[in-house]
Amino acid sequence: MKMLMCAPCLLGVEGLVSDELKMMGAENVSSENARVFFEGDKTILARANIWSRFSERILIVLDRFNAVTFEELFQGVKNLPWSEFIGSSDTFPVKGFSINSTLHSIPDCQSIIKKAIVESLKEDYNISWFEETGPVHQVQFSIMKDEVCIMLDTSGASLHKRGYRPKGNDAPIRETLAAAMCSLSKLRHYHTLYDPCCGSGTILIEGAMLANNIAPGINRNFDIDRWGFISESIWMSERERCHDLIKKDTDFRAFGSDIDENSIELALTNAKNAKVDKFLKLDKLDVKNFVPSSEKGTLVTNPPYGERMLDYKEAKRIYHIMGEKFVSKYGWSYGIISPDEEFEKAFGRKADKRRKLYNGTIKCQYYMYFK
């Protein structure tokens, strides 16, 4: 049975999400702002949850329709096959958003959608009261320019929560963004990765998982596990596939450093949780003392900047130091993310390529140097 699904993502990584979904075997992949739609069966649904490195979650799309009145919204939702997914005792909270639409009140839309689901389930189960004590089926809706999209969240906790980082430092980078940066820098299993501002180690860990083809969701569960919608045999098969596809005996190595001792300890703990600590070497070191230990390297980093931890002048000083340390040299590439539009001036040279990305809600540029 093929289903329409949706993979919400950070702005700027839609292309990466589309490519990885196609590699998984998804069909009819199309991207919009911050989300990618695709089709597939239950195997693809399980695979996307386990394997998606850049998506924030995987949603089943039940329908897309236009609505400019609450009655149209109610009928459109009520007519959907809710009992195929939601049991008589299951929990089904509703949340969503509305942009540039006639139906702009979020609480009212939530209430109407919830009521429509209840009325649909009443008819199918012939009961009048739903205790909602069973597994959670998070209903999500979006209304954009009067087009309603009704979805079920299959992931639960966002997919960026791989499970290896129970806590971060003062300014952690999201795992999905770190993975995207490593991918955009074309990190490979025979590369040596560097991050001289490694913080809690997210870029190094995501780089190690990417280079060794370790599925990001290999060690976590998803809300849909508890629905009984996907058979245990599919989950077992997909998890076995994960282990079979891990690259063995790669030449990948990663070197991380940070001026903060606590960050180094936290990075090591996170790497051990992710089972990639054997690839990492970590040191307490100021970026001004950065000296690579290999002839070639791929450097990916998220330096501290004024909006987060340091003042503006200090951020500029660090960018200038990086420009002096990260020299143009055969076999080397540098990727630095920053919200500072004047980064290149402080760094000392124009990037060979720029990519707009978002670190949370902060608009950034990913500056790439490889020539």
Exceeds 12 heavy-atom contacts within 6.0 angstrom, atom [atom1] of [X]:
X	atom1	answer
K115	NZ	no
E131	CD	no
K161	NZ	no

Are any side-chain N or O atoms of [X] and backbone N or O atoms of [Y], one a donor and one an acceptor, separated by less than 3.5 Å?
X	Y	answer
E14	G12	yes
N270	S200	yes
D286	K288	yes
D225	F222	yes
N213	L245	yes

Parallel, tilted or perpendicular: which fits the ring planes of Y369 and F343, with parallel below 30° and perpendicular above 60°?
-> tilted
Kindly assign one of parallel, tilted or perpendicular to the pair Y334 and W332, based on the angle between their ring planes and the thresholds 30° and 60°.
-> parallel
For the residue pair E20 and S52, confirm or rule out a side-chain donor-acceptor distance under 3.5 Å.
-> yes
Are [X] and [Y] near enough that their ring centres are under 6.0 Å apart?
X	Y	answer
F326	F290	yes
Y319	F347	no
Y125	W82	no

Straight-line distance of D41 CG to I234 CD1, nearest 0.5 Å |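 Result: 7.0 Å between the selected atoms.
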Run through V77, L59, I117, L62 and flag the one making a side-chain contact (heavy atoms from CB on, under 4.5 Å) with V139.
->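 Exactly one candidate clears the test, I117.
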side-chain contact (heavy atoms from CB on, under 4.5 Å), paired with I224, selected from I58, D153, I230 | I230
Start with the C-alpha gap between R165 and E175, add the side-chain angles, then the distance that decides, and say whether salt bridge (Lys or Arg N to Asp or Glu O under 4.0 Å) holds.
-> CA-CA 9 Å; R165 194 176 75 177; E175 292 87 336; 3.4 Å; yes
Using the rule that two of Ile, Leu, Val, Met, Phe, Trp, Tyr join whenever any of their side-chain heavy atoms come within less than 4.5 Å, decide whether F229 and V136 are in one cluster.
-> no
So if you build clusters from Ile, Leu, Val, Met, Phe, Trp, Tyr with side-chain heavy-atom gaps below 4.5 Å, do F92 and V61 land together?
->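 As far as the 4.5 Å side-chain criterion goes, V61 and F92 are not connected within one cluster.
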Side-chain contact, heavy-atom cut-off 4.5 Å: L10 with E56?
-> yes
Can you name the nearest heavy-atom pair linking P303 to M322, along with the distance?
-> CB-CE, 3.4 Å
Full working for side chain to side chain contact (heavy atoms under 4.5 Å, CB included) between R241 and W51 = CA-CA 10 Å; R241 181 174 178 271; W51 272 102; 3.5 Å; yes
